[in-house]
Amino acid sequence: MMPAPWVLNPVRAANFKIHIFAKKYEIMSLELSEQEAIRRESLKELEKLGIDAYPAEAFNVNITTTEIHKNFPADHSLYQEVSIAGRIMTRRIMGAASFVDLQDSSGRIQLYIKRDDICAGEDKTLYNTVFKRLLDIGDIIGVTGFVFITQMGEISIHVKSLKLLSKSLRVLPIVKEKDDQVFDAFSDPETRYRQRYVDLIVNPEVRDIFVKRSQIINSMRSFFNEQGYLEVETPILQPIPGGAAARPFITHHNALDMPLYLRVANELYLKRLIVGGFDGVYEFAKDFRNEGMDRTHNPEFTVLEIYVAYKDYFWMMEFVEKMLERVALALHNKTALQVGEREIDFRSPFRRLTMSDAIKQYAGVDISGKSEDELRLICKELNIETDPTMGAGKLIDAIFGEKCEEHLVQPTFIMDYPIEMSPLCKRHRSNPELTERFELFVNGKELCNAYSELNDPIDQLDRFQDQLKLSQKGDDEAMFIDMDFVRSLEYGMPTCSGMGIGIDRLAMFMTNQPSIQDVLFFPQMRPEKKAIPTGDTDEAFVAIGVPGEWLPALRKYGFKTVAELKAANPNKLLNDLGGLRKKMKLEIPALRLEEIQAWIEA
């Protein structure tokens, strides 16, 4: 006996043939592989049997594969009534009994499926037809049964009932392993990033990367909450894109008839909350910058920003050291991690070096007190490319980036930036030409940025006006003037330290991934190139008498033009198309020789 009939979707049954064969969807039919066409025919057969391949009702799951593998070896009396669901990853059909590798969210387990166990009565359709012929690798099923150990010593589930939960219409890449070697790996980066859903299915280690990413965020959040700091949310759509020197994305609000910007940073809003009386606030935020893309930059990225009242940048350095040491221990139970070919140790304390000393050490020049013209000359002598829009701050940044960053492998705080580079930062307490700012560099890359925050409203307005002058020179990354933020400072903001850290880049370091795309579920990509159909249109084939339902088979056979069809041998074509009809399980009338001859002679 079949299990209680699953609900049949009449709309799907009615529209299925149109979806595959009607002219409106002809481009889609051209893209179907042989296996994809067969799977769609299997879907039709399932529906004829009254089986809904996409049922709406819940399926009760009471165990995971990881729990079984962890606990069953110690106590074989466990798990005598399990209910589990997952995806078919391999099948080994052996007559009246078969084996399946089932993959759920935590791992894999072997299923032992016996015909007479899942088909208790006379009707063996569920096993002989549904399981053996109509199910495929990639299909999602739910089973009940009990756990046992096979004669080969493998922990398995003896299946007592089976239900189809979702039919897979596309063929999964089959990754094979033998003697610890991987064959046919799904490894092309572009395909993996575009089809992350497939990547997660066939490459279990990818899922682990994103689990660790979540653990990083949770570890940081716990650390902040233990200090009593408040997690907040600030606007993504902003009338002024403040808080960072970056090129913003711009949009338009129809109801207000005004331009809005996707935030480039959440700094100014968080500092408004410090003005409002909170001692410490933080936010895990999505920021957006309309700039270049490379292995360490994505236009949409996640950042953590935190602001704490009555602290300075020296306190923040110690805070960052403790935070990163804690994250490393939470993920790996150690502070020394492999990053590429290097071992990076996040044990505190980190090295501290002023920017001028770093440039002096690695570039061999002293930038102290240099004018913009002198800095431009230094860049020329060092063969560093510049342009007329660059002010003193960007020139210094160019020297540092070109000559210093690559040497900063172990965690290093670069401190005391020139004032031209830091329009939101407090002047240094002992040198007014510098600011109380640091950036943390790891493996040659900036990881976080922090200040003793500027709370003098008059000084802040002057700095904003300096940024306006840079904008007038053509610097499209210069900051906008935010007069409301200046107004908030006029009410008084306490001494404050703030820090921002890129979560994506931190995840790269903590999971040893070479590209930011590897730690983003769905990184930004160029538009996918679509295959452009070549050859004659379907109408041209129909015009010589070819029935529309036979077009997919002709395309599959390789005919792109009517001329190619007319040059074919009619007897051979009749035989070959008949075989293709059976192979693709096409429910259309068989062709006669006279029909094919009429096409050729038309």
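For reference, positions follow the sequence shown, starting with 1.
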Using the rule side chain to side chain contact (heavy atoms under 4.5 Å, CB included), only one of R437, R463, Q460 pairs with L424; which is it? Q460
Closest heavy-atom pair, E490 versus P457, reported as atoms and distance to 0.1 Å, is CG-CB, 3.6 Å
State which residues pass side-chain hydrogen bond (donor to acceptor under 3.5 Å, both in side chains) with T412; sequence neighbours excluded, sorted by chain then number. none
Could you check whether F413 and F438 have their ring centres less than 6.0 Å apart? yes
Under a 4.0 Å N-O cut-off, is there an ion pair linking E267 with K271? yes
Shortest non-hydrogen separation from M493 to I274 and the atoms involved: CG-CG2, 3.9 Å
May I ask you to check whether D345 and T335 show a side-chain donor-acceptor distance below 3.5 Å? yes
To the nearest 0.5 Å, tell me how far E67 CD sits from I84 CD1. 8.5 Å
Is any NZ, NE, NH1 or NH2 atom of the basic residue among R342 and E406 found under 4.0 Å from an Asp or Glu carboxylate oxygen of the other? no
Salt bridge or not between E300 and K286? Use side-chain N to carboxylate O under 4.0 Å. yes
Electrostatic pair R213-D504, nearest N-O below 4.0 angstrom: yes
Heavy atoms from other residues, nucleotides or ligands near CD1 of I458 exceed 12 (cutoff 6.0 Å): no
Do F480 and Q467 have side chains that approach each other closer than 4.5 Å (heavy atoms only, starting at C-beta)? no
R221/E231 ion pair, N-O < 4.0 Å: yes
